[in-house]
Amino acid sequence: MIENLVIVESPAKAKTIESFLGKDFIVKSCFGHVRDLSKKNFGIEIDNNYSPQYIVSEDKKKIVAELKKLAKDSGVVWLATDEDREGEAIAWHLSEILKLSPENTKRIVFHEITKDAIRNAVDNPRKLNKDLVNAQQARRILDRLVGFELSPVLWKKIQPKLSAGRVQSVAVRLLVEREREVMHFNPESKFKVYGTFSFSDEQGEKVELKAEVTNHFPDSDETRKFLNNCKDADFEVVDIITKPSRKSPAPPFTTSTLQQEASRKLGFSVSQTMTVAQKLYEAGFITYMRTDSVNLSSLALVSARNTITQEFGEKYAKTRKYKTKAKGAQEAHEAVRPTYFQNETIKGNRSEQRLYNLIWKRTIASQMSEAQLEKTTITINISNSDKRFVASGEVIKFDGFLKVYMESKDEELDDSTKGMLPLISTGQFLNYESINAYERFSTSPPRYTEASLVKKLEELGIGRPSTYAPTISTIQQRGYVFKEDRPGFNRNFTVISLSEGKLEEKTKTEKAGTEKKKLFPKNIGIIVNDFLIEHFKDILNYNFTASVEKEFDEIAAGKLDWTEMIDAFYKPFHAKVEKSLATSIKKTGERQLGKDPETGEPVMVRIGKYGPFVQLGDSSKDEKPRFASLLKGQLIETITLEEALELFKLPRTVGDFEGKDLIVGVGRFGPYVRHNNKFFSLKKETDDPLTINKSRAIELIEEKREIEKKRIIKSFPNDPDLKVLIGRYGPYISYKKKNFRIPRKNEPESLTFEDCLRIIEEGQKKERQKAKGKRQK
DNA sequence: CAGTGAGCGAGCTTCCGCTTGACTT
């Protein structure tokens, strides 16, 4: 007989809580949701008032059986799942599946894992909140209905295996719309003028002062006119303003802000951040990493203050409480913070240390005093112009939180010259040393990174901390979008300089349009998005989630019946599904590009079974048309006739090597060189299949041969099929195109031929067992 | 692993949100 069984969601949490509660309590975890809607027939009896059909998830059968047994032997079962909609539902599912009796079941909640919070929770148990559970059921059922009705429409009208959903489809829409903004953006240029001035100070020393004209000049004529004026102008300091200003620290991390900062400061992908954070959490170094709250426990506040006072002194400490402003936040957990502030560093691999360091600094800074700055602005009059030069500087009077941490921005700051300004007074006349005007181009709104997309989704209240990373992966896995670096292009710009009374004009070159780890839509993503917008505009609406969330809140408050809400949504939605199936024809994104000037045959582009391709010629004629795949990054929407015609030049022979032809083409896995029936991939950064030459092709072949050679740890003369190789996940055995893992106890270098055969034998045995197990399921 | 692009039809795909491992070449 167990007196008390406590069930929480996370096993790491269970361990901590058990240590707080003493020997009368057993704490177990259920690993999140234990039941879900069956996948058969939607898992919903639509005609039976949307009655949900729940089944225990395959991977939860074991844990449910274990909990059942423990619950039967327990006096009181404490359901201590998270204090939010999903947590309440998990508690309800547990009470159902474990057949708990109301009198022996207590629901408790805490949103921080501290001894006081847990004790307090145990002293204040409550009953299950069925309204909140119903709000969750409505959420779950709505998502199932949307996902499982829309996706099959896409299978029929566009391509199999595609998907649509309340969250992912909006994520794709954001990317498609941003790409179109970039596509249609026309950069405009204007001129920005910077001057370097000088004067003699009281000691007779020459002192320099840099300043800029705050307005821009629309073109080079205006700019030249202004610079010509400057030749014989007097420059006089007419105004000096010094103003104090303050900067406050950013709040502690939530999942979303952690992902953003880890992306900006450490270059982590969203999923990488979560994997590393999970490790830190399991090791007990940080609090729970999936949270939408910026709240810190009172224990954490005190402890942070102590650490700051000790390390930096009393005046650096300032206790701050932050309010969460994210839409739809449920605040079941604390902010992501170090569990012990005295651990400024931790043991772990490099990524773990770096992420921990970031979390430590951010949290500590959030409890520090603001920085005090002094901003100075010097205005310089130009005697023959109504324009003015302005020099601005910023001096830190007290660094405060800046001592440990400064939040990064997505966009780079302008290149204004901030810093110390020289001592100067009004009425001072200045000489110009040089005045330079730079042509500057306006930029389109930036493409999204994984992290900035998460930020946008969070702002719209779409998705939850536990789903941001999986959503980003899903839209990439479906082939809707992809992540890429783009090298950019060279752009000329004009510089007009005035120095020693002479005006000089130069053309310089800069890199523009460089992209790092940005998300780009693919053709199929664009076609799916346009189809969904055409037929299901309300679901794709950026406010759809926010508006259904309002209704879920009403259900949670007991003011709205969940089946009525679902019915009001489903009836018109389902009618639109039927209509889209009946009326729309298959979408391929087809576009006519024009006629081939050589043959006069039509050229068109569309998406097919194997992706987007161009077609030369009519398929209704006797002569078969020619086909060619689009290159990565080429869009159906923007490809020109000229670019399409280029594609038909592939595959092409660029020369020969070792007596065999070198053929360049584009296949399923991208551009390649084929030589002696072996394929060598082109490097996507540097190589273009349309322009690559013989010497570069040979280079690629030799490069790959070199790598192949290094991959071989061991080979055996008596069987050339058998090799020990080093791969992405360490050493492995390759035999007749099959791979086998090497058991940990073996040194890969010292494996004998017989050892390898034995490992292969075992591996094949295991594989057969696995196949058998699968069939039985 | 890299030549495809017609059409038929069986059987499959798919959602969001909670949680961790197992596993990869």
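We name chains A, B, ... by the order of the sequence lines, and we start the count at 1 in each one. The basis for the numbers below is simple: all heavy atoms, side chains too, and nothing from hydrogens, waters or symmetry mates. Every value quoted in this text rests on a predicted model; they were computed, and no experiment measured them.
- Both thresholds, 5.5 Å between centres and 30° between ring planes, are met by A:W155 relative to the base of B:dT13, so the two rings are stacked.
- Residue A:T467 is classed as a base contact, given a heavy-atom separation below 4.0 Å to a base.
- With hydrogens and angles ignored, no donor-acceptor pair closer than 3.5 Å exists between the side chain of A:R144 and the base of B:dC16.
- A:E149 comes within 4.0 angstrom of nothing in the nucleic acid, heavy atoms only.
- Within the nucleic acid shown, A:A89 has no heavy atom closer than 4.0 Å to any nucleic acid atom.
- The side chain of A:E9 sits closest to B:dC18 out of B:dC15, B:dC16, B:dC18.
- A straight line from CG of A:L457 to C1' of B:dG17 spans 15 Å, rounded to a whole angstrom.
- Surrounding NZ of A:K586 are more than 12 heavy atoms belonging to other residues, nucleotides or ligands, all under 6.0 Å away.
- Here the side chain of A:S466 is nearest to one of B:dG17, B:dC15, B:dG5, namely B:dG17.
- For the pair A:L258 and A:I286, the minimum side-chain heavy-atom distance is 4.5 Å or more.
- Remark: the backbone N or O of A:L37 is not paired with any side-chain donor or acceptor of A:R140 at under 3.5 angstrom.
- When distances run from any side-chain atom of A:E86 to the nucleotides B:dC15, B:dT19, B:dC18, the shortest one goes to B:dC18.
- Checked by atom type, the side-chain pair A:Q137/A:Y50 shows no donor-acceptor distance below 3.5 Å.
- Separating the CG atom of A:L162 from the C1' atom of B:dC12 is a distance of 14 Å, rounded to the nearest angstrom.
- Contact annotation for A:S681: base contact, defined as any heavy-atom pair under 4.0 Å involving a base atom.
- Within 4.0 Å of A:R139, counting heavy atoms only, lies at least one base atom of the nucleic acid.
- Here A:G608 lies in heavy-atom contact (under 4.0 Å) with a base.
- When heavy atoms are screened at a 4.0 angstrom cut-off, A:P651 is found touching no nucleic acid atom at all.
- When the P atom is compared between B:dC8 and B:dT4, the two are found 23 Å apart, to the nearest whole Å.
- Take the nearest nucleotide of DNA chain B for A:Q159 and for A:Q278: the residue whose nucleotide is more 5' is A:Q159.
- For A:V167, whose side chain is taken as the heavy atoms from C-beta onward, the closest listed nucleotide among B:dT14, B:dG17, B:dA2 is B:dG17.
- A heavy atom closer than 4.0 Å to some atom of DNA chain B occurs in A:F627, A:S629, these being the qualifying members of residues 626-634 of chain A.
- Between A:Q476 and A:E450, the side chains place a donor N or O and an acceptor N or O closer than 3.5 Å (distance only, hydrogens not considered).
- For B:dC18, the base is not stacked against the aromatic ring of A:F31, per a cut-off of 5.5 Å between centres and 30° between planes.
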Encoded 5' to 3' (Watson-Crick or G-U under 3.5 Å; [ ] crossing; | other strand), DNA chain B becomes .........................

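- A side-chain donor-acceptor contact under 3.5 Å links A:S151 to the backbone of A:A164.
- Across all strands, A:G670 comes closer than 4.0 Å to base atoms (heavy-atom distances).
- Distances were taken from every side-chain heavy atom of A:K161 (C-beta onward) to each of B:dT19, B:dA2, B:dT13; the shortest belongs to B:dT13.
- Set against B:dT14, B:dT20, B:dG5, the side chain of A:Q168 has B:dT14 as its closest nucleotide.
- With A:F680 as the aromatic partner, A:K704 meets the cation-pi criteria of under 6.0 angstrom to the ring centre and within 45 degrees of the ring axis.
- Nucleic acid contact for A:Q136: none, since no nucleic acid atom lies under 4.0 Å from a heavy atom of the residue.
- Taking atom CD on A:E88 and atom P on B:dC18, their separation rounds to 14 Å, with Å as the unit.
- The interatomic distance linking A:L662 (CG) with B:dA2 (P) rounds to 19 Å, in whole Å.
- Within the nucleic acid shown, A:Y468 has no heavy atom closer than 4.0 Å to any nucleic acid atom.
- Between the A:Q159 side chain and the A:K161 main chain, no donor and acceptor come within less than 3.5 Å of each other.
- Here the side chain of A:Y610 is nearest to one of B:dT4, B:dT19, B:dC15, namely B:dT4.
- You won't find any donor-acceptor pair under 3.5 Å spanning the side chain of A:R464 and the base of B:dC18, going by distance alone.
- Between the side chain of A:D84 and the main chain of A:A332, no donor-acceptor pair closer than 3.5 Å is present.
- The gap from the P atom of B:dA22 to that of B:dC18 amounts to 24 Å, rounded to the nearest Å.
- Distance alone, capped at 3.5 Å, places no donor-acceptor pair between the A:E578 side chain and the A:H574 backbone.
- Between the side chains of A:H33 and A:E86, at least one donor N or O sits under 3.5 Å from an acceptor N or O.
- The side chain of A:S163 sits closest to B:dT14 out of B:dT14, B:dT13, B:dT20.
- Atom pair A:Y288:OH and B:dT19:P shows a separation of 3 Å (rounding to whole Å applied).
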